[in-house]
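First comes the structure, then the notes that go with it.
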Amino acid sequence: MWNEAYNHIKVHQRMGDVFFRVDSNSHPLFINANMLSGTTANHWVDSLAAAFPAVQILAGDAPDAICLHNFYVNVWALFGALPERFNWHAEQAVISLYPLRPELAESTYFLYRATRNPFYLHVGKMMVESLNEMARTKCGFATVHSVLDKSLEDRMESFFLSETLKYLYLLFDEDNRVNKHEERLLFTTEGHILPLSSQYQTPLWDPIATDRTDKPSYFCAAHNPLLRYALPVEVISWKSNNPDHQEPRCSQ
């Protein structure tokens with residue numbers, strides 16, 4: 001069911017360069033399509049779609065997951081948060097509200113768990129700094145009424161505590177039991193952590209192997225690799241305790 005649905009999504013909703021080329025001006029992006037005709041419905045995406053890279057990386061589509069995540073990272077960097085609705089054609093916030101949603105933090109967490117690339121730690125650091133600077137108040141964190149003028153509302157959604165902060169906390173807490181035993185656990189779409197029975201704990205691939213040469217490393221070619229957007233997928237460890245590890249050359 002997933003494969004069939006995802007194939008249709010990529011046919012009707014994915015726009016941009018399919019080869020992730022450095023010289024391409026068309027960044028890979030998933031857009032809103034008319035469900036009857038398959039044509040482009042509008043020129044905006046909403047912030048909830050920032051969770052899709054996490055689904056893609058769990059499904060094994062690392063190249064698209066990496067590039068789509070980078071799109072939302074750049075929108076965040078532009079405003080200091082994700083507006084509820086962003087016009088990718090005009091590059092403008094259509095709905096400038098940011099109610100402290102977790103979707104980008106969620107994708108950042110899962111991409112880091114899959115790649116161990118420290119780039120995602122830098123993304124998490126950027127998000128934490130933005131939240132502290134823009135949304136922190138004396139008694140918590142406030143919904144950002146507008147990412148344009150940085151005005152706030154007198155409310156904090158419950159998902160900020162149960163999801164946004166949870167994913168950011170786990171991103172940096174490498175020794176957390178959730179991360180130590182991630183193969184035994186499942187996150188729901190609302191960030192609840194459920195145990196997996198043993199029959200679902202066997203991975204379909206070996207995430208530890210670092211000497212394989214049969215698959216390429218991927219990167220988001222739409223961004224300058226000098227800005228640390230080169231994101232190898234097949235090699236998961238860039239840790240300082242492995243001084244002999246060499247960053248692989250991106251081959252696709």
Side-chain angles (χ1 to χ4, degrees), residues 9 13-16 25-35 39-56 65-111 119-120 122-169 171 189-191 220 222-223 227 229:
I9 289 172
Q13 294 185 260
R14 188 190 187 282
M15 61 168 288
N25 293 322
S26 184
H27 188 283
L29 181 65
F30 287 81
I31 62 175
N32 299 320
N34 186 300
M35 65 179 296
T39 58
T40 301
N42 47 59
H43 290 157
W44 54 262
V45 291
D46 63 38
S47 61
L48 296 175
F52 197 52
V55 179
Q56 292 177 296
I66 288 167
C67 273
L68 184 59
H69 176 267
N70 269 312
F71 170 81
Y72 287 101
V73 169
N74 277 266
V75 176
W76 180 289
L78 182 62
F79 298 104
L82 278 186
E84 280 288 86
R85 186 172 292 176
F86 179 77
N87 187 311
W88 48 265
H89 184 72
E91 298 185 355
Q92 294 177 349
V94 179
I95 299 177
S96 58
L97 175 76
Y98 173 60
L100 309 176
R101 291 199 185 278
E103 283 73 21
L104 183 58
E106 178 182 0
S107 288
T108 302
Y109 168 72
F110 281 107
L111 279 164
F119 166 77
Y120 297 107
H122 289 286
V123 173
K125 179 175 181 289
M126 175 187 70
M127 295 182 68
V128 170
E129 290 174 346
S130 295
L131 289 168
N132 280 324
E133 180 179 350
M134 186 184 304
R136 188 159 193 162
T137 66
K138 292 182 179 180
C139 55
F141 289 78
T143 288
V144 180
H145 179 73
S146 173
V147 298
L148 302 177
D149 61 19
K150 309 303 189 280
S151 56
L152 303 178
E153 297 183 7
D154 188 16
R155 63 189 176 99
M156 182 180 72
E157 302 289 350
S158 60
F159 53 68
F160 178 68
L161 295 176
S162 62
E163 297 182 70
T164 309
L165 293 186
K166 180 186 295 180
Y167 285 119
L168 290 173
Y169 183 88
L171 175 65
T189 57
E190 301 303 318
C220 186
H223 298 282
L227 299 178
Y229 284 105

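All heavy atoms count here, side chains included; hydrogens, waters and symmetry mates do not.
Between Ser130 and Gly80, the shortest heavy-atom distance links the atoms CB-O, 3.2 Å.
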Begin from the C-alpha positions of Asn32 and Thr40 and carry the test side chain to side chain contact (heavy atoms under 4.5 Å, CB included) through to its verdict.
-> CA-CA 6 Å; Asn32 299 320; Thr40 301; over 6 Å; no
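Scored by the side-chain contact (heavy atoms from CB on, under 4.5 Å) test, Ser162 finds Phe159 as partners (sequence neighbours excluded). Thr108 meets the side-chain contact (heavy atoms from CB on, under 4.5 Å) test with His69, Leu104, Tyr120, Val123, Met127, Leu171; sequence neighbours excluded. In this view, Thr137 and Cys139, Ala142, Leu152 satisfy the side-chain contact (heavy atoms from CB on, under 4.5 Å) rule, not counting sequence neighbours. Residues that satisfy the side-chain contact (heavy atoms from CB on, under 4.5 Å) test with Glu129, not counting sequence neighbours, are Lys125.
At a threshold of 4.5 Å between non-hydrogen side-chain atoms, the residues Asp46 and Glu84 do not count as touching. At least one side-chain heavy atom of Leu68 sits under 4.5 Å from a side-chain heavy atom of Phe30. Side chains of Tyr72 and Val45 form a contact here, defined as non-hydrogen atoms less than 4.5 Å apart. Taking the side chain as every heavy atom from C-beta outward, Phe79 and Phe86 approach each other to under 4.5 Å. Contact check for Leu48 versus Arg101: side-chain heavy atoms found under the 4.5 Å cut-off. Residues Val73 and Trp76 form no side-chain contact, since every pair of their non-hydrogen atoms from C-beta on lies 4.5 Å or further apart. In this structure the side chain of Ile66 reaches within 4.5 angstrom of the side chain of Leu111, judged on heavy atoms. At least one side-chain heavy atom of Leu161 sits under 4.5 Å from a side-chain heavy atom of Met156.
Between Phe141 and Phe160, the angle of the ring planes lies from 30° to 60°, which puts this pair in the tilted group.
Within the structure, side-chain hydrogen bond (donor to acceptor under 3.5 Å, both in side chains) contacts touching residues 85-99 (residues at least two apart or in different chains) are Ser96-Ser146. Residue pairs meeting the side-chain hydrogen bond (donor to acceptor under 3.5 Å, both in side chains) criterion with at least one member in residues 150-161, sequence neighbours excluded: His145-Glu153, Asp149-Ser151, Glu153-Arg155, Arg155-Glu157.
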